[in-house]
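Report on one structure; see the data block that follows.
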Amino acid sequence: MNETIANTYNYRVVRQFSIMAVVWGVIGMLVGVLIAAQLIWPELDLGMQWLSYGRLRPLHTNAVIFAFGAAHYLPPLIM
């Protein structure tokens, strides 16, 4: 009675995590480029408080570390 049961994986979840890793990576890095440009050209905040360097830097840091990092490293653990 050697019955082998084939393991099946749900690759849909892994694909969704991978896609969101790319999306959050692009968003976080674009915000990083914007705040880096604001260091050279401070007028890029367009006079809006919520586009200032001090408000966008935590967004960039959290998006890259937690959103991109977690979404990038979780799919291998799910498989």
Side-chain angles (χ1 to χ4, degrees):
M1 291 229 159
N2 284 337
E3 292 181 23
T4 59
I5 299 173
N7 290 334
T8 59
Y9 296 104
N10 187 359
Y11 289 113
R12 181 172 180 240
V13 173
V14 176
R15 187 176 338 114
Q16 289 172 341
F17 264 98
S18 300
I19 290 170
M20 289 314 296
V22 171
V23 169
W24 281 112
V26 168
I27 291 171
M29 291 176 204
L30 283 176
V31 172
V33 167
L34 175 66
I35 62 175
Q38 282 183 354
L39 291 175
I40 298 171
W41 302 291
E43 62 275 359
L44 282 179
D45 66 357
L46 304 174
M48 294 184 228
Q49 287 274 324
W50 55 274
L51 282 179
S52 68
Y53 176 84
R55 291 187 185 234
L56 290 179
R57 184 170 182 261
L59 172 71
H60 159 69
T61 305
N62 289 329
V64 171
I65 292 173
F66 297 115
F68 173 66
H72 178 71
Y73 287 112
L74 278 179
L77 297 176
I78 293 172
M79 288 180 58

Only distances under 3.5 Å count here; give the side-chain donor-acceptor pairs of residues 43-50 to other protein atoms, sequence neighbours excluded, each with its distance to 0.1 Å.
| residue | atom | partner | partner atom | Å |
| --- | --- | --- | --- | --- |
| Asp45 | OD1 | Gly47 | N | 3.2 |

*asked:* Against Thr61, only a single residue in Ile65, Val64, Leu59 fulfils side chain to side chain contact (heavy atoms under 4.5 Å, CB included); can you say which?
replied: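 Per the side chain to side chain contact (heavy atoms under 4.5 Å, CB included) rule, the option paired with Thr61 is Ile65, out of Ile65, Val64, Leu59.
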Run the side-chain donor-acceptor check on residues 25-39: report pairs under 3.5 Å with partners two or more places apart or on a different chain.
| residue | atom | partner | partner atom | Å |
| --- | --- | --- | --- | --- |
| Gln38 | OE1 | Tyr53 | N | 3.3 |
| Gln38 | NE2 | Leu51 | O | 2.7 |

